[in-house]
Protein chains: 2
Amino acid sequence: MKKLTLNDIAKHFGVSISTVSKAVNDNAEISKEVRDKIQKYAKEHHYRPNRVALSLLKKSTKTIGVIVPTILNYFFTQVFFGIEKTANARGYNIISCTSDESYPKEVHTVGLLSAGIVDGLILSLSHETQAKANIEHISNFIDAQIPLVLFDRVSDKIECDKVIVDDLQAGYNTTKHLLNAGCKNIALVSEIYNSSVGKLRVSGYQNALKERNIPFDSKLLLKVKKDDDLELLITFLLDYKKIDAIIALDEMMAADVLYILKSKNIKVPEEISIIGFTNGRLSKYVSPSLTMVSQHGKYIGELTANILIDRIENKGDFIPYTTKIVKTSLIERESTRSIK
Amino acid sequence: MKKLTLNDIAKHFGVSISTVSKAVNDNAEISKEVRDKIQKYAKEHHYRPNRVALSLLKKSTKTIGVIVPTILNYFFTQVFFGIEKTANARGYNIISCTSDESYPKEVHTVGLLSAGIVDGLILSLSHETQAKANIEHISNFIDAQIPLVLFDRVSDKIECDKVIVDDLQAGYNTTKHLLNAGCKNIALVSEIYNSSVGKLRVSGYQNALKERNIPFDSKLLLKVKKDDDLELLITFLLDYKKIDAIIALDEMMAADVLYILKSKNIKVPEEISIIGFTNGRLSKYVSPSLTMVSQHGKYIGELTANILIDRIENKGDFIPYTTKIVKTSLIERESTRSIK
DNA sequence: CTGAAAGCGCTAACAC
DNA sequence: GTGTTAGCGCTTTCAG
């Protein structure tokens, strides 16, 4: 049985198409009998109004686009989960896309979503986009008058609603926590040194050091590229200086660091403490379990979706753009110790 | 600047709307000059044909729906990743939905997606749906003539393309592996005892036992409900009998079991071996690292998407439905040992 | 080479 | 209470 349309039903009963439309929408204009018999027929034949036609008419698709750099990362999965949940609760569907950290793919996807298929867009910039700092595609999107909310990986050059993690503070807090615990030489490993997020965390780290008059040593800042051998970099680091603690800007990386240290028979946390970012499942299960910074991904997703939908549904009266800053929490586990 | 339409451009040049349509589509019917100037204008003003209007006209949205029970699970995330990748490569977008293992939510979502917004659907049944075995919503969907591919959690009662994991064989293989290693009393913990997948794995487990004339002991089969205290169940199990090995049907559960055993000072694998299902990130990082069954999630996603898109693009000539069975691999790590 | 018109499925004035 | 009509943005015959 092919998809049923209003026209089909109208023909079947020998009435006009608008009568059927009104009937299925339970419009009181139509006599009770006619309404009932049409509704019964519609139900029996599983009539569903064509949402594409409705979208064209109403200029609203009730779907929102989501572009994240990758889904294979606990933080983004969490955010995505939060977005999906609140969007659904508010009657929206999600079109989900991945930029794979690639600038051209992001440009392409943003372009695609600007063609009227979404009522709004949630985006976290790809690493490459942030490195290039080329955001023309975003400006074009905004010009098309479609609401946009940026989260986590944002850009100052883009004017729109934003939800960000308090990464400066988080970098500061973690470092301070380690300093307070008696650590002196604190290294930091980052795979996202070009992203806004990575830079802020490093700044926070530097701020905490400066406060204690500890000079920043760039050799303690490990910038790890995709295919770099982390083990080798860590080996060099340990040869260079006695290290008390390592901050890793990613959960996997924190686990990798732990793994490498263990394989070198270095005791964690007795000899070196580790703190990682993104409090996912790994951190709890490795041993020693890892002290982590939680960014509250699910909450960020919910907040982002709510801000976007509020703006979608409020078109007309312009509300100034806001930037919400979500605080992080330090989840203390076994990978950090206090040096007396 | 509001979204530009063909009409706007037509007015701007004082030509007809169909001329503009042909011009932007680079139709040779239109003179080179006119084409060029219109194309130039369109590009400068970021004209993008409204995809909703196109969808209505072409009766094709170039999007496919994906409904998974949950995204917060490594296997489904992997499958999703595979789907997204190949769908994008073939020019399709993804509308992603989660059933949250809930029957009503699945019914609702399937209904939503049957209203013309997707060209096809990829679905893995929710736990509740499989328990209830009520699949009327799926039948209705199929009646609407929209291609459907089921993966992993499928149902015999539904006639459509399917991609499944060879769970019977996987259950058999894991059990046999443990038996060959000298294990006698092998327990199995499952949170998905109502799902097709869970049942098949248990059948495979039973087959392997039967082959060795080991009677199946239902007390060794732990059915864990959402809020059950796993630690307590394991304690009872260990009190009941000397256990040589535990098979866990989920990665988190395997890690939990490991955790519980360690906390009881039971050596893994010296005293008890563990094999888990779903080879995610956890398994590699816990210690001892876990021997796991890999279901090749990404490949399943790619395969599923390809089958669906082939069917979408082949409408007309009917190809018989296929069921593809994807074999699993056992990834041996440190949580299993051989008893001499 | 360009334009008029129909139509995808639906809703909402506005007639009757 | 029911029907007619216009139109959302686009493509595609078919005339001119």
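Lettering of chains follows the sequences in order, A, B, ..., and the numbering in each one begins at 1.
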Is any side-chain nitrogen or oxygen of Lys3(B) closer than 4.0 Å to OP1 or OP2 of dG9(D)?
no

Under-4.0 Å side-chain N/O to phosphate OP1/OP2 contact, Tyr47(A) with dC10(C)
yes

To 10°, what angle do the rotation axes through the five end pairs on each side of the helix from dC1(C)-dG16(D) to dC16(C)-dG1(D) form?
60°

Separation of atom CG in Leu6(A) from atom C1' in dC8(C), rounded to whole Å:
13 Å

dA12(C) P sits how many Å from Ile17(A) CD1, rounded?
14 Å

State yes or no: are the ring centers of Tyr41(B) and Phe13(B) separated by less than 6.0 Å?
yes

Roughly, in whole Å, what's the span from CG in Leu54(A) to P in dT11(C)?
5 Å

Looking at every strand, decide which applies to Leu57(A) at a 4.0 Å heavy-atom threshold: base, sugar-phosphate, or nothing.
base

Indicate, with a heavy-atom threshold strictly under 4.0 Å, whether Val52(A) touches base, sugar-phosphate, or nothing.
nothing

Distance, rounded to the nearest Å, where Leu56(A) contributes CG and dA6(D) contributes C1'
13 Å

How close do Pro49(A) and Ala115(B) get, counting heavy atoms only, and between which atoms?
O-CB, 3.7 Å

Assert yes or no for the condition that the ring centre distance of His137(A) to Tyr103(A) is strictly below 6.0 Å.
yes

Exactly one of Leu121(A), Val154(A), Leu148(A) should register a side-chain contact (heavy atoms from CB on, under 4.5 Å) with Cys160(A). Which one does?
Leu148(A)

Result for 5'-nearest mapping on DNA chain C, choosing between Ala53(B) and Ser18(B), is Ser18(B)

Is a side-chain donor-acceptor pair under 3.5 Å present for Glu302(A) with Thr86(A)?
no

At a heavy-atom distance below 4.0 Å, what parts of residues 20-41 of chain B sit against DNA chain C?
Lys22(B), Glu29(B), Ile30(B), Ser31(B), Val34(B)

Check: Val52(B) and Leu56(B) side chains under 4.5 Å, non-hydrogen atoms
no

Rounded to whole Å, please give me the gap between NZ in Lys11(A) and P in dT2(D).
20 Å

Tell me if a side-chain donor or acceptor on Asp36(A) pairs with a main-chain N or O of Glu33(A) at a distance below 3.5 Å.
no

In whole Å, I'd like the distance from the NZ atom of Lys59(B) to the P atom of dC10(C).
9 Å

Take atom NE2 of His108(B) as the centre, draw a 6.0 Å sphere, and report whether it contains more than 12 heavy atoms from other residues, nucleotides or ligands.
no

Establish, for the pair Arg311(B) and Tyr321(B), whether the NZ or CZ atom is under 6.0 angstrom from the six-membered ring centre and no further than 45 degrees off its axis.
no

Roughly how many Å is it from CD1 in Ile9(A) to P in dG9(C), rounded to a whole number?
13 Å

When rounded to whole Å, the CZ to C1' distance for the pair Phe13(A) and dG3(D) reads 17 Å

So, OP1 or OP2 of dG3(C): does either fall under 4.0 Å of a side-chain N or O from Ser16(B)?
yes

